[in-house]
There are 2 protein chains.
Amino acid sequence: MSPTTRTGRPRGFDAEAALDRAIEVFWRQGYEGASLSDLTEAMGINRPSLYAAYGNKDDLFRLAVARYAEVDMAYAKEAFAEPTAYAVIEKFLRANADALTRTDRPAGCLSIQGGIAGGSDGGRVAQFLAESRLAGEAALAGRLARAIDEGDLPPGTDPGALARYVMVVSEGNAVHAAAGVGRASLHATVDIALRAIPGL
Amino acid sequence: MSPTTRTGRPRGFDAEAALDRAIEVFWRQGYEGASLSDLTEAMGINRPSLYAAYGNKDDLFRLAVARYAEVDMAYAKEAFAEPTAYAVIEKFLRANADALTRTDRPAGCLSIQGGIAGGSDGGRVAQFLAESRLAGEAALAGRLARAIDEGDLPPGTDPGALARYVMVVSEGNAVHAAAGVGRASLHATVDIALRAIPGL
DNA sequence: CCAATTCTGTACTGTTCGGTATGCAAGTCA
DNA sequence: TGACTTGCATACCGAACAGTACAGAATTGG
């Protein structure tokens with residue numbers, strides 16, 4: 001009656017290792033941009049093996065996200081264990097920044113890239129969009145540099161860093177808005193974010 | 001010699017109005033998720049008319065983004081005209097929050113949604129990802145609520161709003177990281193973001 | 001009214017997509 | 001050894017994709 005006794009030919013690949021490869025493909029190319037051919041090639045298995053082991057593409061993606069949350073987001077749980085709120089937040093944001101820029105992993109976060117990425121075109125569209133966003137950031141940095149000259153920002157301020165922070169808040173709010181978060185909540189976030197702006 | 005003299009059958013649709021409809025489709029469904037059939041149906045034109053008027057799908061998308069930047073991001077230029085840096089930033093973030101939640105437009109920002117969105121599946125994947133992100137946000141809010149009880153956050157603090165702010169910074173950094181921004185810059189953003197966290 | 005030019009509508013191209021039917025290989029248990 | 005169970009490999013399915021050929025319709029200039 002042992003439920004693990006399944007006679008028959010044993011699986012010829014490591015399902016967990018193959019799932020890790022799938023995570024990278026989804027991470028880099030997004031859900032829609034990752035074709036079954038991309039996935040099976042990276043995982044080193046055939047299509048029927050994928051369907052037998054994980055279900056369909058959708059199921060595979062959910063398994064990938066779940067494993068990503070467990071493995072690659074483990075720092076969140078560690079951060080929560082810090083003694084104070086400030087320490088929790090700082091540790092979370094620091095570890096997050098490190099995780100987003102690991103050299104042995106795709107840049108960014110699967111939870112966001114899984115939707116972005118672009119995929120089949122090799123990320124041309126995503127790159128185009130990123131460039132136009134960064135152009136806006138540069139424009140804001142220019143305006144803030146002028147503000148330093150005009151004396152309404154402290155002399156030591158880094159205009160590029162401050163502009164980047166503002167755009168980060170804007171982009172984060174955009175992600176939230178797309179997820180259905182309402183206007184009042186967005187403004188509440190702005191309330192908090194503005195506290196970080198250096199006064200005169 | 002007048003260059004506008006183009007004899008022949010006149011175009012049967014307003015190219016600018018049709019482009020506006022295309023913007024909404026790309027905004028809602030993303031670049032990959034917007035099929036030519038979706039686009040032509042929304043624009044009220046046939047495929048050959050689209051190709052004749054705008055080029056190919058890629059060209060149409062770039063035109064859409066350009067027009068979006070001009071029309072829907074006009075508030076940025078207005079914000080830049082404010083007299084002080086703080087006013088520039090506040091006006092930008094406020095107008096941005098309003099723009100992200102206009103009831104007569106898709107939620108979010110074309111520049112981000114153009115990559116996200118999900119498209120053909122009606123946004124099922126995007127919704128799944130959004131829910132898992134919001135679950136993490138709720139977990140953080142719970143941890144911060146405990147911090148208020150334990151006295152390391154001011155009593156009046158809204159733990160949900162603070163958690164949302166932290167996740168906004170995290171998501172914005174993720175978008176930046178995916179665009180190629182490096183680790184040091186992300187930490188510089190965290191430096192600024194942490195200034196908004198209420199001290200003991 | 002006719003020729004030239006441009007736009008529109010239908011119907012099609014080749015390709016790629018997610019998903020699967022089928023026959024064979026590789027093991028376990030009697 | 002032989003029945004049984006399971007995984008693997010090839011080859012395929014219908015559907016959807018971006019893009020286009022072609023013929024007819026609408027307009028201008030003569």
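If you're wondering where the values come from, they're calculated on a predicted model, not measured in any experiment. First the proteins, then the strands, lettered A, B, ... as listed; each starts at 1. For the numbers below, each heavy atom of this structure counts, side chains included, while hydrogens, waters and symmetry mates do not.
- Under a 4.0 Å N-O distance rule, the pair A/Glu150/A/Arg146 qualifies as a salt bridge.
- Between the CG atom of B/Leu39 and the P atom of D/dG19 there is a distance of 11 Å, given to the nearest Å.
- Taking only side-chain nitrogens and oxygens, B/Thr7 never comes nearer than 4.0 Å to OP1 or OP2 of C/dT6.
- Below 30°, between 30° and 60°, or above 60°: for A/Phe80 and A/Phe92 the angle between ring planes is between 30° and 60°, a tilted geometry.
- Rounded to whole angstrom, the span from the CG atom of A/Asn46 across to the C1' atom of D/dT10 amounts to 9 Å.
- Contact check, A/Ser49 against D/dG7: no side-chain N or O comes under 4.0 Å of OP1 or OP2.
- Residues B/Thr84 and A/Arg143 approach most closely at N-NH2, 4.1 Å, considering heavy atoms.
- The pair A/Arg94-B/Asp191 meets the salt-bridge criterion, since a charged nitrogen lies less than 4.0 angstrom from a carboxylate oxygen.
- If you measure from atom CZ of A/Phe61 to atom P of C/dG18, you get 13 Å, rounded to the nearest angstrom.
- Nucleotides of DNA chain C nearest to B/Pro10 and B/Pro48 differ in position, and the one nearer the 5' end is that of B/Pro10.
- One finds no salt bridge joining B/Asp98 and B/Arg102 here, because no Lys/Arg side-chain nitrogen approaches an Asp/Glu carboxylate oxygen to under 4.0 Å.
- Counting heavy atoms from C-beta outward, B/Phe128 and A/Val65 have side chains that approach closer than 4.5 Å.
- Put simply, the side chain of A/Arg47 and the base of C/dG19 share a donor and an acceptor less than 3.5 Å apart.
- Atom-to-atom, CD of B/Gln29 to C1' of D/dC17 comes out at 14 Å; the value is rounded to the nearest Å.
- Taking atom CZ of B/Arg9 as the reference point, atom C1' of D/dT27 lies 9 Å away to the nearest angstrom.
- Distance B/Ile45 CD1 to D/dT20 P: 15 Å, rounded to the nearest Å.
- For the segment residues 13-24 of chain A, residues with any heavy atom less than 4.0 angstrom from an atom of DNA chain D are, sorted by number, A/Phe13.
- Aromatic ring orientation, B/Phe61 versus B/Phe26: perpendicular (interplanar angle above 60°, classes split at 30° and 60°).
- Taking atom OH on B/Tyr51 and atom C1' on C/dT10, their separation rounds to 16 Å, with Å as the unit.
- Per the geometry, CZ belonging to A/Arg11 stands 15 Å off C1' belonging to D/dT5, to the nearest Å.
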